[in-house]
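The analysis underlying the following values was restricted to heavy atoms, covering all of them including side chains, and did not include hydrogens, waters or symmetry mates. Atoms within each ligand, like the ligands themselves, are counted from 1 in listed order. Along the sequence shown, the residues carry numbers beginning at 1.
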Amino acid sequence: MRQLSERTSGFTDSVIRRMTRVSQRYGAVNLSQGFPDFEPPREILERLARVALDGPHQYSLTWGAQNFREALAEKQSRFMGRRIDPDKEIVVTCGSTEAMMAAMMTLVDPSDKVIVFSPFYENYGADAILSGAEPIYVPLEPPCFKFSEEALELAFRSRPKALILCNPSNPCGKVFTRDELLVIAALAQKYDAYVITDEVYEHIVYAPHEHTYIASLPGMFERTVSCSSLSKTYSVTGWRLGYIIAPEAVIDVAKKVHDFLTVGAAAPLQEAAAVGLRFGDGYYRALLREYTEKRELFLNGLDTLGIGHTVPEGAYYVMLDISEYNCESDVEFCERLAEEVGVGAVPGSVFFREDIRHLIRLHFAKRNDTLQEALNRLEHMRKKMRR
Ligand code: GLN
């Protein structure tokens, strides 16, 4: 048989998704792939039940149902501090995964360069391969995950088409400050590059940190392709509802890319989720209160066990320091952790360009009793993993 595509020859499977399968195999508490084990808001589910009988069940408009886009535009205008046009500045996608891929396909030609901060969310590597982009990595150095302005400017000097900005960041929990975003914005303008954002954790930012949309900075809406989703904000990761917000000229092309990739996101789910997009500010405050509590419960638990960890400013991931185990392979460590301790985690090396093997990622988007069970199991980590 002839060879499969050259493009995919460098692909491995997603380690994040693989660790969910490993966790299932061993009955581990799965803190690897980041998704909740609690229910979405009741109002959304009740609307979904009605939609099951009343429809719609056929394709929505390819770039998103009118009702959904109007609700989304209203919500994002409020949070981004700029009027978003529901008809001209939004494409609804199948999750932010498609939003990011469509954004890359819209902006990038094969061999164009794209700046990626390291550590980075696994999919960006695949997005670069599929779009033919060449990533240039700029390190965010643990434990504070700050970047060097010189290193960033050096990367911009090679004339990248775009920079990918995951803010709040998965996996390191960094929330870029306004000043850091101003530095990135100034460089993007100086070197005429776009910024593609991944802001799926925009509503999970712990005090005193605050989320700034880079698109809201002066001169930046024009060159920012903002990608996000409803997955984390409304606990509906399986619904695959995401979106791109960008200037009309970019959206015009993104609409076509999206149309040919997937035609459209699920119509009944858009209809049901629009209820969530119309929630008042109280919903987002309550969501943050819950995640703040989970973060405290989990981080305090780790402290009590004497396990070193990062302190996330946003999102719901924490990186545990496993240097004391001196292990050759963090992938093997995570497999053993699932099997012998009963907790699923993602090896840190998946996220870093640099050779870093002493960190593993866990998430705390779980019910408090699930987190407590994970902590009970982690109590035995030293004894079981030290042999
Ligand atoms: N964003 C989540 C994570 O990093 C889930 C990713 C996914 O599997 N789509 O674990």
Side-chain angles (χ1 to χ4, degrees), residues 11-24 28-38 40 93-104 116-127 130 140 145 164-175 196-205 211 227-244 261-262 265-266 269 287 291 294-295 298 310 312-320 330-331 334 337-338 343-352 359-366 370-371 374:
F11 264 20
T12 54
D13 60 337
S14 152
V15 179
I16 297 178
R17 266 79 82 190
R18 189 198 311 161
M19 289 315 299
T20 279
R21 298 192 292 274
V22 169
S23 298
Q24 283 167 352
V29 179
N30 183 10
L31 303 187
S32 61
Q33 188 182 15
F35 62 89
D37 65 350
F38 43 85
T93 57
C94 299
S96 63
T97 300
E98 194 219 342
M100 297 286 295
M101 190 66 239
M104 292 282 279
V116 178
F117 287 110
S118 166
F120 57 94
Y121 173 52
E122 207 185 14
N123 276 41
Y124 308 157
D127 291 344
L130 288 173
L140 296 173
F145 298 105
I164 296 181
L165 178 72
C166 183
N167 183 33
S169 161
N170 175 7
C172 67
K174 176 185 177 65
V175 172
I196 302 174
T197 73
D198 174 352
E199 295 178 286
V200 301
Y201 305 99
E202 64 203 292
H203 295 293
I204 308 177
V205 174
H211 183 66
C227 301
S228 191
S229 97
L230 278 68
S231 290
K232 307 332 201 224
T233 305
Y234 305 99
S235 311
V236 288
T237 60
W239 289 26
R240 316 306 305 125
L241 291 176
Y243 55 88
I244 303 175
L261 279 176
T262 62
L269 300 182
L287 178 83
Y291 273 111
K294 292 183 188 308
R295 172 180 180 258
F298 199 58
T310 56
E313 301 166 347
Y316 47 51
Y317 302 100
V318 51
M319 303 201 87
L320 271 46
D330 55 350
V331 178
C334 285
L337 191 72
V343 175
V346 182
S349 57
V350 165
F351 305 102
F352 284 91
L359 296 171
I360 60 171
R361 191 197 77 171
L362 273 68
H363 80 91
F364 50 84
K366 293 286 186 233
T370 310
L371 293 175

- prompt: Between Phe364 and Phe298, how do the two ring planes meet: parallel, tilted or perpendicular, split at 30° and 60°?
  reply: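 Correct class here is tilted.
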message: Among all protein heavy atoms in this structure, tell me which lies nearest to atom 8 (O) of ligand 1, with the distance rounded to 0.1 Å.
response: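 In this structure, atom 8 (O) of ligand 1 has Gln33 NE2, 2.6 Å as its nearest protein heavy atom.
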- prompt: How far is atom 2 (C) of ligand 1 from its nearest protein heavy atom, and which residue and atom is that?
  reply: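 Minimum-distance protein heavy atom for atom 2 (C) of ligand 1 reads Tyr317 OH, 3.2 Å.
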message: If the contact criterion is a heavy-atom separation under 4.0 Å, does Arg361 count as touching ligand 1?
response: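 Contact check Arg361 vs ligand 1: positive.
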task: Please state whether His363 comes within less than 4.0 angstrom of ligand 1, counting heavy atoms only.
output: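 Contact absent.
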Of the listed options Tyr201, Phe351, Tyr121, Phe35, closest to atom 6 (C) of ligand 1 (non-hydrogen atoms):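 It is Tyr121 that holds the nearest heavy atom.
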With heavy atoms only and a cut-off of under 4.0 Å, state how [X] meets ligand 1: side chain, backbone, both or neither.
| X | value |
| --- | --- |
| Arg240 | neither |
| Arg17 | side chain |
| Asn170 | side chain |

Verdict with reasoning, Ile16 to Tyr121, per side chain to side chain contact (heavy atoms under 4.5 Å, CB included): CA-CA 10 Å; Ile16 297 178; Tyr121 173 52; 3.6 Å; yes
message: Between Tyr201 and Tyr291, do the side chains contain a donor N or O and an acceptor N or O under 3.5 Å apart?
response: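 No, because no side-chain N or O of Tyr291 sits under 3.5 Å from a partner of the opposite role on Tyr201.
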Geometric cation-pi criterion, Lys366 with Phe35: 6.0 Å, 45°: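 The answer is yes; both the distance and angle limits are met.
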- request: Begin from the C-alpha positions of Ile204 and Tyr316 and carry the test side chain to side chain contact (heavy atoms under 4.5 Å, CB included) through to its verdict.
  value: CA-CA 8 Å; Ile204 308 177; Tyr316 47 51; 3.9 Å; yes
- prompt: Passes side chain to side chain contact (heavy atoms under 4.5 Å, CB included), Thr93 versus Thr262? Steps please.
  reply: CA-CA 8 Å; Thr93 57; Thr262 62; over 6 Å; no
query: Which of the atoms of ligand 1 are close to Ile16, meaning less than 4.0 Å from one of its heavy atoms?
result: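 This gives 4 (O), 10 (O) as the contact atoms.
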query: Can you check side chain to side chain contact (heavy atoms under 4.5 Å, CB included) on Phe351 and Val15, steps first, answer last?
result: CA-CA 10 Å; Phe351 305 102; Val15 179; over 6 Å; no
